[in-house]
Protein chains: 2
Amino acid sequence: MPDTLARMYTRPRSYHHGDLRAALLTRAEETLREKGPAALSLRELARDLGVSHAAPSRHFKDKQALLDALALTGFDRLATALKASQEGLGESFAERLDAMVRAYVGFALGNAVLLDLMYSIKHDPEASEALVAATERWSDLLVELIVEGQRRGELRAGTTESVGVPIFATLHGYANLAATGMLPPDTDERALDDVIAFILRGAAPE
Amino acid sequence: MPDTLARMYTRPRSYHHGDLRAALLTRAEETLREKGPAALSLRELARDLGVSHAAPSRHFKDKQALLDALALTGFDRLATALKASQEGLGESFAERLDAMVRAYVGFALGNAVLLDLMYSIKHDPEASEALVAATERWSDLLVELIVEGQRRGELRAGTTESVGVPIFATLHGYANLAATGMLPPDTDERALDDVIAFILRGAAPE
DNA sequence: AGCCAATGTAGGCGTCGCCAACAATGCTGT
DNA sequence: ACAGCATTGTTGGCGACGCCTACATTGGCT
């Protein structure tokens, strides 16, 4: 039965696994989601995949490297989700912001631990480079939204930062609270509406 | 020389330490601040304090219990800081909010790792009763601010939640971004002003 | 004075991350 | 076709960690 589980990630093959790196990432994310970050161990990962305890080191120089890679895939998926949320929409800023906020919060709720990992502080200076690039790939979406909103006169004037930071702070803060279950119990759908309306008022032209 | 360090926390005394529990908490927070949460180990703590590796277990049943206690002191200090920020102020909501936001962000910047710990614990299965009480002790301050702001007509109508959640989300989100160093490099003082103004607009009466 | 609960010590268990030495595999150029 | 080599996986070992149990010292209470 544990063998059945292993088969999901490991080709029935011997010696060379085939795609151990991808299997490690997949399994690691499942563990993260199901048992939390503290329960993530390289050795257990290796056991689950039917591979020796040192095999993972061929693909990730240490545990942090695996976490960094995991965060990277998270940013990729987040960017994809946000981009998808903007497709087939009208040009109204309010409409687009609404969609983006919901997509972001949806991602946060569906990937709470992963999101936490993505924003945690301890990335290697080196892996940082790829991470920064990944972050920009999606934050550009927000910037674009803002610039376009300003052009259409639906947003107040000001530098992208002065307008964007409060918006992003609100979005990020709400997603974080919702994902960690820190909001008053009943407040769920309704609260998100309130937050979106709040952002629109805060960012409205003078 | 390591002895000198130990003396800071340990009475030169033998066998019974005197106040090992408090010394553990103090030293643990320093370690957290200086070397991050991953570097915090019960055994090293014990070594630093010149005590055997099992001694801490007399005061904290396991590592998580120590982290919980640490979070608890964090909430206490946060509540104190927020309360202090409201003293000697006028009654204007704008003024009081400004002070509270700055106090919160100040705490977040000065206690980044601890704050992270505080919020990661709550989400845990059964947050201890004391912990829940501690969070309420300070969130009541925010609630009070909101209710009073509404009474004075400086805040829009609505349930405390519908008004408070967006405000707190913004505050929490900005503090979090600032503390994890995720804001554009130059944006520091100015950005906080923008955020406060943003909150006031978002929460203003219709 | 004597006893007991609280506090600290000593040692051991299983797991972890990381390292070094060795083995199997498959790609490459000739 | 095949020899050589880089890639990938294995084995075993090291030190550190969290937690457990059994034992030692202490100070306060009766």
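These numbers come from a predicted model, not from an experiment. Convention: sequence-line order gives letters A, B, ...; per-chain numbering from 1.
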Before accepting this row, confirm whether a basic side-chain N of the pair R33(A)/E29(A) lies closer than 4.0 Å to the acidic partner's carboxylate O.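 Looking at E29(A) together with R33(A), the answer is yes, because their closest N to O distance falls below 4.0 Å.
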
Salt bridge flag under 4.0 Å for residues E30(B) and R27(B):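 Yes, this pair counts.
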
Treat a base pair as Watson-Crick or G-U wobble with both distances under 3.5 Å, then lay out DNA chain D in dot-bracket form, 5' to 3', with | for cross-strand pairs. ||||||||||||||||||||||||||||||

With a 4.5 Å cut-off on side-chain heavy atoms, are T135(B) and M182(A) touching?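 No, side chains not in contact.
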
Quick one: are Y119(B) and T180(A) in side-chain contact, heavy atoms under 4.5 Å?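 No, every pair of side-chain atoms sits at 4.5 Å or beyond.
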
Take atom [atom1] of [X] and atom [atom2] of [N], then tell me their distance rounded to the nearest Å.
X: R58(A); N: dA24(C); atom1: CZ; atom2: P; result: 15 Å
X: L24(B); N: dG8(C); atom1: CG; atom2: C1'; result: 12 Å
X: F60(B); N: dG8(C); atom1: CZ; atom2: P; result: 11 Å

Could you list the residues that satisfy ring-ring contact (aromatic ring centres under 6.0 Å, His included) with F168(B), not counting sequence neighbours?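 W138(B), H172(B).
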
Quick check on E144(B): does its CD atom have over 12 non-hydrogen neighbours (other residues, nucleotides or ligands) under 6.0 Å away?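 No, CD of E144(B) has 12 or fewer neighbouring heavy atoms, counting only those of other groups under 6.0 Å.
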
Would the number of heavy atoms belonging to other residues, nucleotides or ligands and lying under 6.0 Å from CZ of R102(B) be above 12?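 Result for CZ/R102(B): enclosed.
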
Show your working on salt bridge (charged side-chain N to carboxylate O under 4.0 Å, His left out) between K35(A) and E44(A) and close with a plain yes or no. CA-CA 12 Å; K35(A) 305 197 293 185; E44(A) 182 174 354; 3.2 Å; yes

Could you tell me whether the phosphate oxygens of dT10(D), OP1 or OP2, come under 4.0 Å of any side-chain nitrogen or oxygen in R47(A)?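 The answer is no; no side-chain N or O of R47(A) sits under 4.0 Å from OP1 or OP2.
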
Kindly give the atom pairs (protein nitrogen or oxygen, nucleotide nitrogen or oxygen) under 3.5 Å for nucleotides 17-19 of chain C.
{"residue": "dG17(C)", "atom": "OP1", "partner": "L42(A)", "partner atom": "N", "Å": "3.1"}
{"residue": "dG17(C)", "atom": "OP1", "partner": "K63(A)", "partner atom": "NZ", "Å": "3.3"}
{"residue": "dG17(C)", "atom": "OP2", "partner": "L42(A)", "partner atom": "N", "Å": "3.1"}
{"residue": "dG17(C)", "atom": "OP2", "partner": "R43(A)", "partner atom": "N", "Å": "3.2"}
{"residue": "dG17(C)", "atom": "N7", "partner": "R43(A)", "partner atom": "NH1", "Å": "2.5"}
{"residue": "dG17(C)", "atom": "O6", "partner": "R43(A)", "partner atom": "NH1", "Å": "2.8"}
{"residue": "dC18(C)", "atom": "OP2", "partner": "K63(A)", "partner atom": "N", "Å": "2.9"}
{"residue": "dC18(C)", "atom": "N4", "partner": "R43(A)", "partner atom": "NH1", "Å": "2.9"}

